[in-house]
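All figures in this text were calculated on a predicted structure; none of them were measured in a lab.
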Amino acid sequence: MQEHYDFKEIENKWQEEWDNQNTYQVQNFSDRPKYYCLEMFPYPSGKLHMGHVRNYSIGDVVARFKTMQGFDVLHPMGWDAFGLPAENAAIKNGIAPATWTWDNIDHMKSQLKQLGLSYDWDREVATCHPGYYKWGQWLFLQLYKKGLCYKKHARVNWCPDCATVLANEQVVEGSCERCSAVVEQKQLDQWFFRITEYAQRLLDDLKQLKGWPDKVKIMQENWIGRSQGSELIFQVDGSNESIPVFTTRPDTVYGVSYMVLAAEHPLVAKLSAGTPQEAAVSEFVNRVSKLTELARTSNEKEGIFIGAYCINPFNGEKVPILAANYVLYHYGTGAVMGVPAHDERDFEFARKYDLPIKVVIYPTKDQELRAEEMTAAYTEDGFMANSGPFNGIPNRQGIKKVIQYAEETGIGTGVVNFRLRDWLISRQRYWGTPIPIVYCEKCGAVPVPDEQLPVLLPTDVAFKPTGESPLKGRPDFVHTTCPQCGGAAQRETDTMDTFVDSSWYYLRYTSARDNDQAWDKNKADRWMNVDQYIGGVEHAILHLLYSRFFTKVFYDLGLINAQEPFENLLTQGMVLKDGAKMSKSKGNVVSPEEIIARYGADTARMFILFAAPPERDLEWSDRGVEGSHRFLNRVWRLIYSLKDDVAGAPAIPAGTNYVGVHKEMRRLTHYAIKKVTEDISGRFNFNTAISTIMELVNGLYTYRDKVAEVERDAAVLAEAIDTTIILLAPFAPHITEELWAATGHQGSVHKQPWPTFDPAALVEDEVEIAVQINGKVRERLNIPANMKPADMQQYLLEMELVKALIGNKQIVKVIPVPGKLLNIVVK
RNA sequence: GCCGAAGUGGCGGAACUGGCAGACGCACUGGACUCAAAAUCCAGCGGUGUAACAACCGUGCGGGUUCGACUCCCGCCUUCGGCACCA
């Protein structure tokens with residue numbers, strides 16, 4: 001051990017040692033309780049960024065802490081390795097996506113090792129490895145067999161110049177990011193997972209997730225978007241066609257003054273055919289349907305009369321039918337009844353197109369509302385009016401009565417509608433998991449039999465942006481035989497959304513090297529649920545919802561006993577520099593590599609955990625990093641100077657009553673144990689945990705420097721030093737390992753049991769009481785700590801200092817707070 | 001527009017259940033050590049004010065509840081994040 005803190009040498013030494021000893025390998029079964037600590041696995045983009053460092057430092061503290069508390073901790077890492085950037089890199093640099101990806105994985109893995117993270121690398125997974133995606137294909141087929149997988153038409157972003165499908169993020173302000181051509185919408189036949197079948201369960205089970213932040217649960221709830229309402233049927237005037245509309249406000253049905261259809265609603269073309277409107281309508285539909293949903297709905301509302309009318313089944317009124325840009329075909333029935341008087345959007349739309357406004361809800365029974373006087377829709381509750389037999393009924397009750405009436409007369413029903421849509425998993429891309437389906441002329445779509453899995457993705461592709469998936473240009477991939485009839489068949493060339501890969505990886509970690517099954521049920525049941533999941537809040541909806549969906553499907557299939565994947569969720573904040581998210585374009589990126597090279601991994605981890613509580617955004621500060629580095633140096637020098645006093649020192653003898661500085665040293669030690677334990681396990685407030693350790697270190701310096709060497713108590717000193725090292729171990733794993741060895745201990749500090757505090761050591765002789773006059777602190781006085789609360793008031797009131805404060809004023813009231821303060825109210 | 005989160009010294013943050021605002025760290029100032037610098041150590045550090053005390057003000061703003069409010073209630077302002085007309 002050297003006098004100087006040589007972090008480079010120490011970190012290399014211990015990383016090698018951990019590797020050689022397989023320190024972080026975990027057995028699947030033992031007598032100890034289990035704990036599954038999981039951080040969201042990264043996309044292998046090339047290099048780690050500070051967000052990764054933050055995410056994985058947080059997880060590592062939790063994993064190491066739980067290990068020391070005696071749990072078997074599953075703490076795995078892997079790679080979300082399929083995706084678009086690999087294809088872009090291939091086009092740009094002429095490197096095969098597989099080569100690029102695996103190179104990145106190599107590099108990032110070495111970076112993770114440099115951070116000293118306690119992963120069981122024997123369980124590493126990469127979603128682009130056939131040993132992983134084989135089981136993704138198998139799971140797809142399980143969903144297929146269960147009827148949860150189907151094909152239908154869906155719109156994609158289409159670049160007419162590149163002749164290729166674009167992801168949303170490749171569309172920049174309506175144009176292709178590569179060639180700037182205006183992006184169009186195109187219909188393709190695509191695969192879907194029927195997540196809507198699970199909508200109600202996904203909603204209901206949110207209540208079980210006590211360990212999730214409320215904000216994430218609220219976001220999921222809104223995303224699922226359950227709404228109770230009714231479907232009412234309007235007949236088209238002079239035709240056999242009818243238009244069902246979904247509405248949450250059937251109580252306003254007497255106020256309908258027009259009907260609006262989504263532009264792609266089949267009736268738009270059908271009903272306008274042969275009318276004078278036909279040409280204009282068709283021009284409108286053409287124009288609107290080329291736009292993305294976002295562009296359509298964020299523009300001003302626009303509509304056009306389609307030349308037909310329908311009949312309100314409640315009052316027989318004939319109202320015009322329009323087509324509009326803002327009505328979504330896939331939500332509800334693709335049709336909206338226009339009630340301008342009681343809906344903001346309808347009000348705005350009616351004003352623009354001069355459509356009649358009919359009031360049917362009054363604020364109170366007699367308070368009439370006049371359409372001419374309205375400046376905004378009246379959307380509050382009230383009483384039904386101008387509504388035939390329903391007049392005077394409070395509208396909430398009216399909703400039920402109208403539905404009841406509709407059901408009796410066959411003009412509608414009560415229905416529940418979800419905003420959630422089925423999960424589109426087809427991607428017209430190369431670098432993804434091939435969808436295990438073949439198309440046979442005779443048998444149609446046929447699932448690939450299990451024994452033929454995996455459907456291998458060819459990696460030796462010449463990757464050119466031809467517009468079509470490179471898989472289509474590979475006859476050896478496309479041409480195959482039908483598993484059913486043996487005739488000629490063609491493979492599906494679409495690959496799966498990478499969200500599919502990342503929706504079950506937490507299960508694969510339990511059986512990462514199993515070649516015979518996706519996971520061993522016993523092992524999955526041993527480890528699931530994930531006890532703590534940690535990652536960015538940007539995944540609050542899609543990733544977490546898809547994973548919850550998969551878990552429920554697997555439960556239904558009998559593949560696991562868990563019904564929810566993640567017991568507790570921690571969503572970490574972003575890492576900012578100069579108040580903005582770090583990004584290349586802003587030029588405010590701080591590279592983890594540089595920080596590690598300059599200060600070491602322990603410093604990087606300490607700073608990122610100390611600078612802010614994990615859920616909040618973190619402002620990067622170079623000065624702050626230096627401060628954390630200085631602290632570790634301070635710890636090093638302190639313990640180095642005392643190492644010989646600690647090695648072989650006796651334990652604290654039972655029943656010893658320490659006084660004075662020794663007692664104070666012990667109090668600091670045990671307070672730190674209490675506080676750090678609470679901060680890590682309860683609130684994840686690593687920042688305050690670290691400040692408590694700093695206070696302990698400060699106290700140790702005082703004990704060393706202010707107490708003569710002969711008077712120091714070896715047992716007290718050793719207890720304080722050992723505690724410092726152990727409490728710091730989850731945060732700064734290398735330096736603590738070195739110091740643990742230097743102070744004469746055997747074995748890894750990371751295998752030490754986590755200490756518990758001695759309540760007796762926390763008891764103080766005196767407490768400071770704040771004396772307040774009318775709520776303002778006037779004096780701080782020490783009283784014996786063992787004084788009974790009842791005696792405190794009298795004791796203090798009789799003190800001369802306190803009497804002087806009161807003077808000749810009259811005491812109105814005295815409020816004592818034991819151990820804290822005494823408030824004297826005077827007048 | 002809707003939903004969510006957050007506003008505390010020069011800065012990051014602390015105060016966990018309504019009970020002493022500013023722990024811990026950064027920056028800064030002064031001092032020690034040094035030929036000097038770095039490193040390290042010691043002291044100071046919310047504002048007004050004072051010779052020094054005292055006193056007053058102070059947790060985005062305005063009200064309220066309370067013996068007592070960063071914390072609870074009502075109304076606003078600002079910033080950040082999410083969602084985009086969900087019938």
Table of protein N/O atoms under 3.5 Å from nucleotides 62-67 of chain B N/O atoms:
from, atom 1, to, atom 2, distance (Å)
B:C67, O2', A:Asn823, ND2, 3.3
B:C67, O2, A:Asn823, ND2, 2.5

At a cut-off of 3.5 Å, list every protein nitrogen or oxygen paired with a nitrogen or oxygen from nucleotides 22-24 of chain B, distance to 0.1 Å.
from, atom 1, to, atom 2, distance (Å)
B:A23, O2', A:Glu695, OE1, 3.3

Nucleotide N/O to protein N/O under 3.5 Å, stretch nucleotides 27-32 of chain B:
from, atom 1, to, atom 2, distance (Å)
B:A27, OP2, A:Arg630, NH2, 3.2

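Atom CZ of A:Arg287 is surrounded by more than 12 heavy atoms from other residues, nucleotides or ligands within 6.0 Å. Atom NZ of A:Lys400 has 12 or fewer neighbouring heavy atoms from other residues, nucleotides or ligands inside a 6.0 Å radius.
Between the P atoms of B:A87 and B:C77, the separation comes to 27 Å (whole Å). Comparing the same atom, P, in B:C57 and in B:G25 gives a spacing of 31 Å after rounding to whole Å. Spacing between B:C70 and B:U65 at atom P, rounded to whole Å, works out to 16 Å. Comparing the same atom, P, in B:G30 and in B:U78 gives a spacing of 42 Å after rounding to whole Å. For the C1' atoms, the distance from B:A6 to B:A54 is 38 Å, rounded to whole Å. B:G22 and B:C76 have their P atoms separated by 33 Å, with the value rounded to a whole Å. A distance of about 11 Å separates the P atoms of B:C61 and B:U71, rounded to the whole Å. For the P atoms, the distance from B:C42 to B:U59 is 34 Å, rounded to whole Å.
Under the 4.0 Å criterion applied to side-chain N and carboxylate O atoms, A:Glu348 and A:Arg351 are not assigned as salt-bridge partners. Salt-bridge formation is not detected for the pair A:Lys207/A:Glu221: no Lys NZ or Arg NE/NH1/NH2 atom is positioned less than 4.0 Å from an Asp or Glu carboxylate oxygen. Salt bridge A:Asp381/A:Arg396: present, at least one basic N to carboxylate O contact under 4.0 Å.
Counting only residues at least two apart or on different chains, no side chain to side chain donor-acceptor pair (under 3.5 Å) pair has a member in residues 810-822 of chain A. The salt bridge (charged side-chain N to carboxylate O under 4.0 Å, His left out) pairs that include a residue from residues 673-702 of chain A are A:Lys674-A:Glu678, A:Lys675-A:Asp679, A:Asp679-A:Arg683, where partners are two or more places apart or lie in different chains.
Partners of A:Tyr258 according to the side chain to side chain donor-acceptor pair (under 3.5 Å) rule, which considers only residues two or more places apart in sequence or in another chain, do not exist here. Listed by chain and number, the residues in a ring pair (Phe, Tyr, Trp, His ring centres under 6.0 Å) with A:His49 are A:His52 (sequence neighbours excluded). Taking the side chain to side chain donor-acceptor pair (under 3.5 Å) definition, one finds that A:Thr571 meets it with nothing, sequence neighbours left out. By the ring pair (Phe, Tyr, Trp, His ring centres under 6.0 Å) test, A:Phe499 pairs with A:Tyr546, sequence neighbours left out. Residues passing the ring pair (Phe, Tyr, Trp, His ring centres under 6.0 Å) test with A:Phe347, sequence neighbours excluded: none.
Contacts of A:Asn633 with the nucleic acid, taken as non-hydrogen atoms under 4.0 Å apart, are absent. Among the heavy atoms of the strands, none lies under 4.0 Å from A:Lys217. Within 4.0 Å (heavy atoms only), A:Glu768 reaches at least one base atom of the nucleic acid. Backbone-only contact: A:Thr247 has heavy atoms under 4.0 Å from sugar-phosphate atoms and none from a base.
Between B:G13, B:C86, B:C20, one nucleotide has an atom nearer to the side chain of A:Pro613 than all others, and that is B:G13. Closest to the side chain of A:Arg616, from the set B:A87, B:A15, B:G13, is B:G13. Listed nucleotides: B:G13, B:A87, B:C86. Nearest to the side chain of A:Arg419: B:C86. Nearest to the side-chain atoms of A:Val777 among the listed nucleotides B:C41, B:A87, B:A21 stands B:A21.
For the residue pair A:Arg421/A:Thr196, the side-chain donor-acceptor check at 3.5 Å is not satisfied. Between A:Arg226 and A:Asn417, the side chains place no donor N or O within less than 3.5 Å of an acceptor N or O (distance only, hydrogens not considered). A:Trp212 and A:Asp214 are not linked by any side-chain donor-acceptor pair at a separation below 3.5 angstrom, with hydrogens and angles left out of the test.
Rounding to whole angstrom units, OH of residue A:Tyr701 and P of B:C42 are separated by 9 Å. A straight line from NZ of A:Lys577 to C1' of B:C26 spans 15 Å, rounded to a whole angstrom. Here the P atom of nucleotide B:A87 and the CG atom of A:Asn325 are 17 Å apart, to the nearest Å. Between A:Leu542 atom CG and B:G82 atom C1' the separation is 12 Å, expressed in whole Å. Here B:C3 presents its C1' atom at 10 Å from CD1 of A:Ile541, a figure rounded to the nearest Å. Atoms CG (A:Leu822) and P (B:G19) sit 16 Å apart, rounded to a whole Å. A:Leu821 places its CG atom 13 Å from the C1' atom of B:A69, with the value rounded to the nearest Å. Between the CG atom of A:Leu618 and the P atom of B:C80 there is a distance of 18 Å, given to the nearest Å.
Below 30°, between 30° and 60°, or above 60°: for A:His539 and A:His543 the angle between ring planes is above 60°, a perpendicular geometry.
In this structure, A:Arg637 is not positioned above the aromatic face of A:Tyr5 in the sense of NZ or CZ being under 6.0 Å from the six-membered ring centre and within 45° of the axis.
Within the 3.5 Å criterion, the main-chain N or O of A:Pro730 finds a donor-acceptor partner in the side chain of A:Arg605.
Nearest heavy-atom pair across A:Arg548 and A:Leu209 is NE-CD1, 3.8 Å.
Look at B:G10: its glycosidic torsion is beyond 90° from 0, and that puts it in the anti range.
Mapping A:Glu678 and A:Arg637 onto RNA chain B via the closest heavy atom, the residue that lands nearer the 5' end is A:Glu678. Heavy-atom distances to RNA chain B give each of A:Phe418 and A:Lys215 a nearest nucleotide, and the one nearer the 5′ end belongs to A:Lys215.
Every stem involving RNA chain B, taken as at least 3 paired positions in a row under the Watson-Crick or G-U wobble test at 3.5 Å, is listed here: B:1-7 with B:77-83, B:10-12 with B:24-26, B:28-32 with B:40-44, B:46-48 with B:55-57, B:60-64 with B:72-76.
In this structure, A:Lys776 does not reach the B:A69 phosphate: none of its side-chain N or O atoms is under 4.0 Å from OP1 or OP2.
Taking every heavy atom of residues 221-230 of chain A and every atom of RNA chain B, pairs under 4.0 Å involve A:Asn222, A:Trp223, A:Ser227, by number.
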